[in-house]
Amino acid sequence: MQWVIGMLMLTVVAFGNPLPFDLEADNIHVNRQQHTVVASGNIQAAYRSFLIGSDTLRYIKSEETADFKGNVVLKNSHGHTLHADTVLIRLNQDTGRVSRGMVKTKKGVVIRADAIDIHPSTIDMRACTLTTCTSSHPAWLVQSNDVTLSKKDRHIIARHNTLYFQGVPIFYVPIYSQQVSTSGTSQKPNHQWVPELGYNGIDHLFLNVYMGIPVVENVASQVGVGVSEERGFRYGMSHTATLTPYQSFTLKTYHVAKTGFEGGIQYRWYRSSSEQDPFLLLFGEDPTNNRTIEPYVSVDYLYDTYVHNVLYHALPHVTLGLNHVSVEKITMATNVNGGYFEENGYQGDRYQWALAAERPLFGTETGIQVLGQLTAMSHHYLRADQSWNRLYAGLTVRMPVFGLDNRVTYTNLLFNHGASPFQFDTVNAIVDDEIGTLTTMQFGALLLILETDYQIKKQSWRRFKTTLGWSFQCWRPMISVDTIWKEFSVGVSILGG
């Protein structure tokens, strides 16, 4: 009876106002004079998108703090989990402290820290390790004295970092800086942080290595060096300043032996209606990743941008767009962009409008899906007095069978009129009826991904790309080969397990 009365007091009127979270426990005591709630035994609390379990809880209304102690387990709706000895949450400030915590993200990354402090502008971790191995003796891990993550720009600075392999220290970096991710508009990240080894039509065989370094506060900087068969030695730096949580400015300056200056400036702005939740940042979650209408702006002034085997300059290129526009069951994305470009000595303008729409047509509980697509694109070139307009429809069937994820798309080119004076416009563009496939196969340690696009009337492949990976402990060496564009890349991904 005492438990029932306590629950009624909490859920209906505690201190004259509802609690900021839902609570269940074996024992609950409400002290109206001290304005506290003390609970023990099988604590289950629901706060925002989190479920929190612990042995004890003390809530102090005057301080708006919830102090969970003993076997604390915090889970969120995105599939991340935090285990800790204690978790203190300051509810009115979105700040808190975690002691002896272990974070496991849905992607299999495991972070352990003696202390995690969530401040208004940063998240600080002390005496922490990072790995993707869940065993008590991980095959590899990175150990850092302290790590600081900026909430504003998702910029990480890690100090005194040591890489261990099979318990043996093999690499040490005094200080490391890195932008965690680029969110929102599906724009590519401004920084590459893993080594690049491969072959393409511009460089032929190439190798590039990058390292993040702190130069100026709140600016993510990176130095890179590399060498390629066709263009020789390259070196330089890139700097990204996050002006607000929704906009960034990047400066890239590289020197390439045979082609000279490479780089320029980039500006990105996007807007999402998602609430910025610092606890999602702790889990490595992008708090702005959602399916609401998302406007974005990008401005590029870049030398030596390339698509497959075509090198060109964008001087400048401006894009305005909207993603995730939903009407009934139709999801749309649209953009208008324009700029001035230089390619193989030719200079001219280009203005483009594009609209892509997708609608689910059929689905089953077994995972079979049928989707319909419609895409319209219109290009105009004033200097060349040309235009190029296309309209094509697609039908995609997704069929998970025997552990294989199969997607087959038929594309019908309904209208294609005009031409472009630029190669980078037409390279790998859809200009025919096509059959496309995407098959992902996982057999034990073996991963095989096959991506193809076959042009029906031309009777030729537009794309034939194979990716092969082999899982070994917490590592997966991978190689991707595109036989049509004569490209390959080699890399290593890190896995949970």
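The structure presented is a predicted model; accordingly, all values stated were derived computationally and were not measured.
In the displayed structure, Asn71 atom CG is contacted under 6.0 Å by at most 12 heavy atoms of other residues, nucleotides or ligands.
Taking the side chain as every heavy atom from C-beta outward, Thr148 and Arg159 approach each other to under 4.5 Å. Residues Val142 and Trp140 have side chains in contact (heavy-atom distance under 4.5 Å, counting atoms from C-beta outward). The closest side-chain heavy-atom distance from Val87 to Ile52 is not below 4.5 Å. In this structure, the side chains of Phe488 and Leu205 come closer than 4.5 Å at one or more pairs of heavy atoms.
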Going through the distances and angles, do His255 and Tyr235 end up as a ring-ring contact (aromatic ring centres under 6.0 Å, His included)?
CA-CA 6 Å; His255 177 77; Tyr235 62 92; 5.7 Å; yes
If you apply the rule salt bridge (Lys or Arg N to Asp or Glu O under 4.0 Å), what do you find for Asp55 with Lys69, and how did you get there?
CA-CA 6 Å; Asp55 293 337; Lys69 292 184 177 180; over 6 Å; no
Residue pair Tyr267, Phe249: steps toward the ring-ring contact (aromatic ring centres under 6.0 Å, His included) verdict:
CA-CA 5 Å; Tyr267 172 80; Phe249 180 84; 7.3 Å; no
Given Lys258 and Asp203, is the salt bridge (Lys or Arg N to Asp or Glu O under 4.0 Å) satisfied, shown in steps?
CA-CA 11 Å; Lys258 294 186 179 180; Asp203 291 300; over 6 Å; no
Could you check His160 against Tyr172 for side-chain contact (heavy atoms from CB on, under 4.5 Å), going step by step and ending with a plain yes or no?
CA-CA 7 Å; His160 300 293; Tyr172 172 79; 2.7 Å; yes
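Under the 3.5 Å distance criterion, with hydrogens and angles disregarded, no donor-acceptor pair is assigned to the side chains of Asn200 and His308. Between Ser99 and Thr86, the side chains place a donor N or O and an acceptor N or O closer than 3.5 Å (distance only, hydrogens not considered). Looking at Asn161 and Ser144, their side chains do bring a donor and an acceptor atom within 3.5 Å of each other. Judged purely by distance below 3.5 Å, without hydrogens or angles, the side chains of Thr240 and Thr250 pair a donor atom with an acceptor atom. Between the side chains of Thr95 and His119, no donor-acceptor pair is found at a separation under 3.5 Å. Residues Thr437 and Thr439 have side chains that never bring a donor and an acceptor to within less than 3.5 angstrom of each other. There is a side-chain donor-acceptor pair under 3.5 Å between Glu196 and Asn208. There is a side-chain donor-acceptor pair under 3.5 Å between Arg476 and Ser471. Side-chain contact check for Gln373 and Glu358: at least one donor-acceptor pair (N or O, by modelled atom type) lies under 3.5 Å.
Nearest heavy atoms, Thr331 versus His324: CG2-CA, 4.2 Å. A pairwise comparison of heavy atoms in His317 and Ala314 identifies CB-CB, 3.9 Å as the closest pair. Counting all heavy atoms, side chain and backbone alike, Ala45 lies closest to Leu23 at CB-CD1, 4.3 Å.
Salt-bridge check for Glu434 with Arg462: passed, with a basic side-chain N closer than 4.0 Å to an acidic carboxylate O. Here Asp85 pairs with Arg100 in a salt bridge; the nearest charged N to carboxylate O distance falls below 4.0 Å. Between Asp304 and Arg231, at least one side-chain N (NZ, or NE/NH1/NH2) sits under 4.0 Å from a carboxylate O, which counts as a salt bridge.
When each of Leu447, Thr467, Asn406 is paired with Thr440, the side chain to side chain contact (heavy atoms under 4.5 Å, CB included) condition holds for Leu447 and for no other. Arg97 pairs with exactly one of Asp124, Asp117, Asp67 by the salt bridge (charged side-chain N to carboxylate O under 4.0 Å, His left out) rule, that one being Asp117.
The aromatic rings of Tyr254 and Tyr210 sit perpendicular to each other, their planes meeting at more than 60°, with 30° as the lower class boundary. Ring orientation note: the planes of Phe21 and Tyr59 are nearly perpendicular, at an angle over 60° on the 30°/60° scale.
Checked against the 6.0 Å centroid threshold, Tyr454 and Trp461 count as a close aromatic pair.
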